[in-house]
Amino acid sequence: MITPKTEEEIELMRENGILVSKTLAEVGKLVAPGVTTLELNRVAETFIRDHGAIPSFLGYDGFPAALCISVNDIVVHGFPSDYVLKEGDIVSVDCGTLYKGWNGDSAYTFPVGDVDAETRRLLDVTKASLYEGIAAAVAGNRTGDIGYAVQTYAESFGFSVVRELEGHGIGRKMHEVPGVPNYGKPGRGTKLVDGMTICIEPMINAGNRGVYLAKNGWAVHTADHRNSAHYELTVVVRKGRAEQLSTFEYIENI
């Protein structure tokens, strides 16, 4: 059952949104050739706990880390490891917090050093498709309107949309209803109402949309092993225009 949040509850979620956003910025300061993804995870967990919150991914259904860190052809849910980032890699960092009983969630895909033009285009288009989805997240629309906005934008550049994974509602639980697919048809799906809080998170592949699950039961890879990008923001559905609770501002000011 979908229950719109009160303004007081939204403010508590905003605190989480700001914290996950600042955590991603702290991680972004370190993303460079020669750094391990395990080090990125360590910094994030320390930052979250130092601010009185809990890294909500850690232990979630057995997940072993504070961050999902997904490099190159890993779409989402990669484990931090001793992998050393290399020039030209891309690394998606997904972060969640639990603070004052509410959840925050956001993700950003960082280039490692200089990346080629096609990879840069993948990152730019994926992030722009997120904002297209957010523009459709207004009261009276449906989840299909969000998915359609993301899909049509990404596919217009020749990229493909992962269909096995989607965004989600968020609140006291990390994953709440409704699901928010990144593809769809206008006027279809769950109706959006004022005060609903959702995460919109395009996962866009450079090649075809096929994916497979790794043997560890978590990491999702592209079937053709080409790169995938992932960006996520938490928003409140409003009348006329959605309101962001998490932001990329802290990252992009670095």
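Heavy-atom basis, side chains included; hydrogens, waters and symmetry copies ignored.
Residues Leu233 and Ile200 are not in side-chain contact: their nearest non-hydrogen atoms beyond the backbone lie 4.5 Å or more apart. With contacts defined as side-chain heavy-atom distances shorter than 4.5 Å, the pair Thr36/Leu85 does not qualify. Considering only heavy atoms from C-beta on, Asn205 stays 4.5 Å or farther from Phe159 through its side chain. Side-chain atoms of Met196 and Pro4, non-hydrogen and from C-beta on, never get closer than 4.5 Å to each other. Looking only at side-chain heavy atoms (C-beta outward), Lys185 and Arg142 stay at 4.5 Å or farther from each other. Residues Val31 and Val91 form a side-chain contact, since some pair of their non-hydrogen atoms from C-beta on lies under 4.5 Å apart. Within the 4.5 Å cutoff, the side chain of Leu24 has heavy atoms near those of the Val93 side chain. Side-chain contact between Pro202 and Ser129: present, with at least one pair of heavy atoms (C-beta onward) separated by less than 4.5 Å.
Residues Asn16 and Thr97 bring a donor and an acceptor atom of their side chains to less than 3.5 Å of each other. Looking at Tyr148 and Asn141, their side chains never bring a donor and an acceptor atom within 3.5 Å of each other. The closest side-chain donor-acceptor pair between Asn208 and Ser160, if any, does not fall under 3.5 angstrom. A side-chain N or O of His230 and one of Glu201 form a donor-acceptor pair less than 3.5 Å apart. For Asp94 and His77, the side-chain atoms include no donor-acceptor pair closer than 3.5 Å.
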List the steps and the verdict of side-chain contact (heavy atoms from CB on, under 4.5 Å) for Tyr231 and Leu123. CA-CA 9 Å; Tyr231 291 83; Leu123 299 182; 3.5 Å; yes
Set out, in order, the CA-CA distance, both residues' side-chain angles and the distance that settles side-chain contact (heavy atoms from CB on, under 4.5 Å) for Val76 and Met203, then state yes or no. CA-CA 8 Å; Val76 286; Met203 290 154 271; 3.6 Å; yes
Does the side-chain contact (heavy atoms from CB on, under 4.5 Å) test come out yes or no for Val35 and Val84, once each step is laid out? CA-CA 5 Å; Val35 176; Val84 178; over 6 Å; no
Tell me, with the steps shown, if Ile54 and Tyr99 meet side-chain contact (heavy atoms from CB on, under 4.5 Å). CA-CA 7 Å; Ile54 295 169; Tyr99 182 62; over 6 Å; no
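To the nearest 0.5 Å, atoms CG (Asp73) and CZ (Arg226) are separated by 12.0 Å. Rounded to the nearest 0.5 angstrom, Leu19 CG and Ser246 OG are separated by 11.0 Å. The structure places CD1 of Ile204 at 10.5 Å from OG1 of Thr109, a figure rounded to the nearest 0.5 Å. Distance check: Leu58 CG to Leu98 CG gives 12.0 Å after rounding to the nearest 0.5 Å. Once rounded to the nearest 0.5 Å, the distance linking CG of Leu67 with CZ of Arg42 reads 12.0 Å. Taking OG1 from Thr234 and CD1 from Ile18, the interatomic distance works out to 12.0 Å, rounded to the nearest 0.5 Å.
Contact detail for Gly179 and Thr143: the closest heavy-atom pair is O-CG2, 3.7 Å. Closest non-hydrogen pair, Thr126 versus Ala229, comes out as OG1-CB, 3.5 Å. Residues Ala219 and Gly78 come closest through the heavy atom pair CB-CA, 4.3 Å. The shortest heavy-atom contact between Thr190 and Pro178 is OG1-CB, 3.7 Å. Taking each heavy atom of Pro33 and Val112 in turn, the nearest pair found is N-CG1, 3.5 Å. Glu87 and Asp114 get closest at one heavy-atom pair: OE2-N, 2.8 Å.
By the criterion of side-chain heavy atoms lying less than 4.5 angstrom apart, applied directly or through intervening Ile, Leu, Val, Met, Phe, Trp or Tyr residues, Val237 is grouped together with Ile2 in one hydrophobic cluster. Under a hydrophobic clustering in which Ile, Leu, Val, Met, Phe, Trp and Tyr are joined whenever their side-chain heavy atoms come within less than 4.5 Å, directly or via other members, Leu130 and Ile198 fall into the same cluster. In the hydrophobic clustering of ILVMFWY residues, with side-chain heavy atoms under 4.5 Å counting as a link, Val211 and Leu165 come out together. Tyr83 and Leu38 fall into different hydrophobic clusters, where Ile, Leu, Val, Met, Phe, Trp and Tyr side chains are chained together by heavy-atom contacts under 4.5 Å. Under the 4.5 Å side-chain contact rule for hydrophobic residues, Tyr250 and Tyr131 do not share a cluster.
A salt bridge links Arg14 with Glu243: the distance from a Lys NZ or Arg NE/NH1/NH2 to an Asp or Glu carboxylate oxygen falls below 4.0 Å. Salt bridge Glu176/Lys173: absent, no basic N to carboxylate O contact under 4.0 Å. We find that Asp124 and Arg120 are joined by a salt bridge, their nearest charged nitrogen and carboxylate oxygen being less than 4.0 Å apart. At a threshold of 4.0 Å, the pair Lys22-Glu26 does not count as salt-bridged, since none of the basic side-chain nitrogens sits closer than that to a carboxylate oxygen. Electrostatic pairing of Arg238 and Glu7 counts as a salt bridge here, judged by a charged N lying under 4.0 Å from a carboxylate O.
Ring planes of His221 and His225: perpendicular class, angle over 60° (limits at 30 and 60°).
When the shell of 6.0 Å around NZ of Lys191 is examined, it contains 12 or fewer heavy atoms from other residues, nucleotides or ligands. Residue Arg188 qualifies as open at atom CZ: its count of foreign heavy atoms under 6.0 Å is 12 or below. Within 6.0 Å of NZ on Lys5 lie more than 12 heavy atoms contributed by other residues, nucleotides or ligands. In the displayed structure, Arg241 atom CZ is contacted under 6.0 Å by at most 12 heavy atoms of other residues, nucleotides or ligands.
Residues Phe248 and Tyr108 bring their aromatic ring centres within 6.0 Å.
Arg209 places no side-chain N or O within donor-acceptor distance of the main-chain N or O of Glu164, the cut-off being under 3.5 Å. Proximity of a side-chain donor or acceptor of Asn41 to a complementary backbone N or O of Ala66 within less than 3.5 Å is detected. A donor-acceptor pair under 3.5 Å links the side-chain atoms of Asn103 to the main chain of Gly171, judged by distance alone. Checking side-chain atoms of Glu9 against main-chain N and O of Thr6 turns up a donor-acceptor pair under 3.5 Å. Not a single donor-acceptor pair under 3.5 Å links the side chain of Thr46 to the backbone N or O of Val43. Checked by atom type and distance alone, the side chain of Thr222 never pairs as donor or acceptor with a backbone atom of Asn227 at under 3.5 Å.
In the hydrophobic clustering (ILVMFWY side chains linked at under 4.5 Å, chained through shared members), Phe63 is joined by Ile10, Leu12, Met13, Phe57, Tyr60, Phe79, Trp102, Ile170, Met174, Trp218, Val236, Leu245.
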